[in-house]
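No hydrogens, no waters, no symmetry mates; every other heavy atom, side chains included, goes into these values. Sequence positions, counted from 1, serve as the residue numbers for this chain.
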Amino acid sequence: MVSLADVEAARRRIAGAVLETPCLPSEHFSERCGARIWFKFETLQRTGSFKPRGALNRLLSMPATERARGVVAASAGNHAQGVAFAAARVGARSLIVMPEATPLIKITRTRQRGAEVELYGETLDDAVGRALSRGEERGLTFVHPYDDPEVIAGQGTIGLELLEQVPDLEAVVAPIGGGGLISGIATAVKSLSPGVEVYGVQSEAAPSMRESFAAGKLTAAEVGPSIAEGITVKSPAERTFEIIRRRVDGVELVSEAEIEEAVYQLLENGKAVTEGAGAAGLAALLQRRFPRLAGKTVAVVLCGANIDLNILARIVERSLVRQSRMVRLRIAMKDRPGALARLLGDIAAQEANVLRIHHNRTFARTAFWEVEVDVTLETRDREHIDDLLAALRAAGHTGVEEIGVRLVPTPLAP
């Protein structure tokens, strides 16, 4: 079992090499969540996540001869960058095995930090097996992403910082994948302030720790596609499960839609870029998954910011559609000079902004002398869209319809 002394030793060991990240209160999310919310910005940590803490502590704990042979790790991205950073810091070589579906940005940044990268398998568990075999072949020391006492102790330094940064801290909420992060935080927090509650959050797409916690024994679970790929683990480890079972007060699940909404909310209202795993804790609080925390001072760990910009763009656009701030219309009109200009003029008169337009003669359901025009517009709200549709029809435009699936807003708990 990892101890407070281990976490304190890790803090001394990695001091100066990793950042003591800020922890700031949020008035907006405090109102939304019904608690006094503080965000721990591990998104601003070196490599964009908390992972360098544990990785560097692990490497600095090794004998020099072992470090000289090099290390191998398996990761969906953030642990990869953490190990690559730590290896470069101590002058060791590193091989990182990553699942094939890992976002390109994480692969690229891992290579940029000097690591050799190999893509293998569909899940993190597949990559772990490959990394273990490659380590045996090449004499490299395996650095586990979570099932390692030095890694856990390194992550636990976040807990020490939280107790110093948040006045009257009453609870901590953190995401759970394999459990290394929350195990370290809970070890530090519960050792120094036993009354502070610690809660974990998983995606419904990978609920292994939640099911294990509820059953009181290790339980594997199927892993589905997730925008929180950093916490998609098929089965927890014995070490982290035992720490969580003893020191964590509860584990809850959030849906993929709720995580997506939390990423967007952090971007628009928190002015913070966060990956799916990093937003899981806020998703749970927005949905009031922990009713015991109402009115309490809660630190939420935003564990990483390494989200693929293409994924982020899709999240933003889908959220805009949900809020009726973006809409796509299809209009049938005569194929004659000036018809398109007239349509755009009528749209402009309703103060809708054209984002994209597609003028379709061939793949249309119209008569020969007609065309279909698909227009994607920026709008204010649902009322604006309804007024726009009515105005276009009143102006004589035929076949005006809203196309595509109208996404339903993710409801937030009252």
Side-chain contact test, heavy atoms from C-beta onward, threshold under 4.5 Å: evaluate it for [X] versus [Y] and give yes or no.
X	Y	result
Ile152	Asp6	no
Glu252	Gln202	no
Ile182	Val172	no

>> Taking side chain to side chain donor-acceptor pair (under 3.5 Å) as the criterion, tell me which of Gln165, Lys40, Gln45 meets it with Thr21.
In response: Lys40

Inspect the surroundings of [atom1] in [X] and state if more than 12 heavy atoms from other residues, nucleotides or ligands are less than 6.0 Å away.
X	atom1	result
Glu137	CD	yes
Glu20	CD	yes
Glu401	CD	yes
Arg314	CZ	no

> Within 45° of the six-membered ring axis of Phe85 and under 6.0 Å from that ring's centre, is NZ or CZ of Arg113 located there?
Replying inline: no

>> Checking Asn78 against Asn306 for the side-chain hydrogen bond (donor to acceptor under 3.5 Å, both in side chains) test, could you report, in this order, the C-alpha distance in whole Å, the side-chain angles of both residues, the deciding distance, and whether it holds?
In response: CA-CA 8 Å; Asn78 286 335; Asn306 294 316; 2.7 Å; yes

Looking at [Y] and [X], is there a salt bridge between them, counting it only when a charged N and a carboxylate O are closer than 4.0 Å?
X	Y	answer
Glu402	Arg328	no
Arg356	Glu317	yes
Asp126	Arg130	no
Asp249	Lys190	yes
Arg138	Glu116	yes
Asp148	Arg58	yes

>> side-chain contact (heavy atoms from CB on, under 4.5 Å), that's the test. Do Ile307 and Val263 meet it? Break it down for me.
In response: CA-CA 10 Å; Ile307 186 169; Val263 171; 4.3 Å; yes

> Atom CD of Glu258 and atom CG of Leu285: how far apart are they, to the nearest 0.5 Å?
Replying inline: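 Rounded to the nearest 0.5 Å, the CD-CG separation comes out at 12.0 Å.
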
Any side-chain donor paired with an acceptor under 3.5 Å for [X] and [Y]?
X	Y	answer
Glu204	Ser255	no
Gln81	Arg46	no
Arg11	Thr157	no
Arg247	Thr187	yes
Tyr264	Glu260	no
Glu256	Ser226	yes

> Listed by chain and number, what are the ring pair (Phe, Tyr, Trp, His ring centres under 6.0 Å) partners of Tyr199, not counting sequence neighbours?
Replying inline: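 Partners of Tyr199 by the ring pair (Phe, Tyr, Trp, His ring centres under 6.0 Å) criterion, ordered by chain and then number, come out as Phe290.
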
> Residues in ring pair (Phe, Tyr, Trp, His ring centres under 6.0 Å) with Phe41, at least two apart?
Replying inline: none

> Which is it for Glu242 and Met1 under the side-chain contact (heavy atoms from CB on, under 4.5 Å) test, yes or no, and what are the steps along the way?
Replying inline: CA-CA 8 Å; Glu242 187 61 23; Met1 186 74 72; 3.9 Å; yes

>> For Met333 and Leu343: C-alpha separation, side-chain torsions, deciding distance, then whether side-chain contact (heavy atoms from CB on, under 4.5 Å) applies.
In response: CA-CA 9 Å; Met333 63 183 190; Leu343 169 65; 4.2 Å; yes

>> Does Glu66 form a side-chain hydrogen bond (donor to acceptor under 3.5 Å, both in side chains) with Thr141? I'd like the steps, not just the answer.
In response: CA-CA 7 Å; Glu66 188 177 358; Thr141 297; 2.9 Å; yes

Per-pair distances, 0.1 Å, donor-acceptor, side chain in residues 218-225, under 3.5 Å, sequence neighbours excluded:
from   : atom 1 : to     : atom 2 : distance (Å)
Thr219 : OG1    : Lys217 : O      : 3.1

> Can you tell which of Leu162, Thr297, Leu169 makes a side chain to side chain contact (heavy atoms under 4.5 Å, CB included) with Trp38?
Replying inline: Thr297

> Considering the options Ile385, Leu329, Ile357, which one meets the side chain to side chain contact (heavy atoms under 4.5 Å, CB included) requirement together with Leu377?
Replying inline: Leu329

>> Walk me through whether Gln265 and Arg32 qualify under side-chain hydrogen bond (donor to acceptor under 3.5 Å, both in side chains).
In response: CA-CA 11 Å; Gln265 290 293 330; Arg32 294 287 294 275; 3.3 Å; yes

> Hey, mind stepping through Leu253 and Val201 against side-chain contact (heavy atoms from CB on, under 4.5 Å) and telling me if it holds?
Replying inline: CA-CA 6 Å; Leu253 301 178; Val201 181; over 6 Å; no

>> Could you go through Glu197 and Arg292, starting from their C-alpha distance and side-chain angles, then the distance that decides it, and tell me whether this counts as salt bridge (charged side-chain N to carboxylate O under 4.0 Å, His left out)?
In response: CA-CA 10 Å; Glu197 299 172 63; Arg292 284 175 51 84; 3.1 Å; yes

>> Quick one: does any side-chain atom of Lys51 pair with a main-chain N or O of Pro145 as donor and acceptor, under 3.5 Å?
In response: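 Flag set: sc Lys51 to bb Pro145 pair under 3.5 Å.
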
> Quick one: does Ser208's side chain have a donor or acceptor within less than 3.5 Å of a partner on Val233's backbone?
Replying inline: yes

> Where do Ile96 and Ala115 come nearest, in terms of heavy atoms and distance?
Replying inline: CG1-CB, 3.8 Å

> Phe39 and Phe29: aromatic ring centres closer than 6.0 Å?
Replying inline: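 Yes, ring centres under 6.0 Å apart.
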
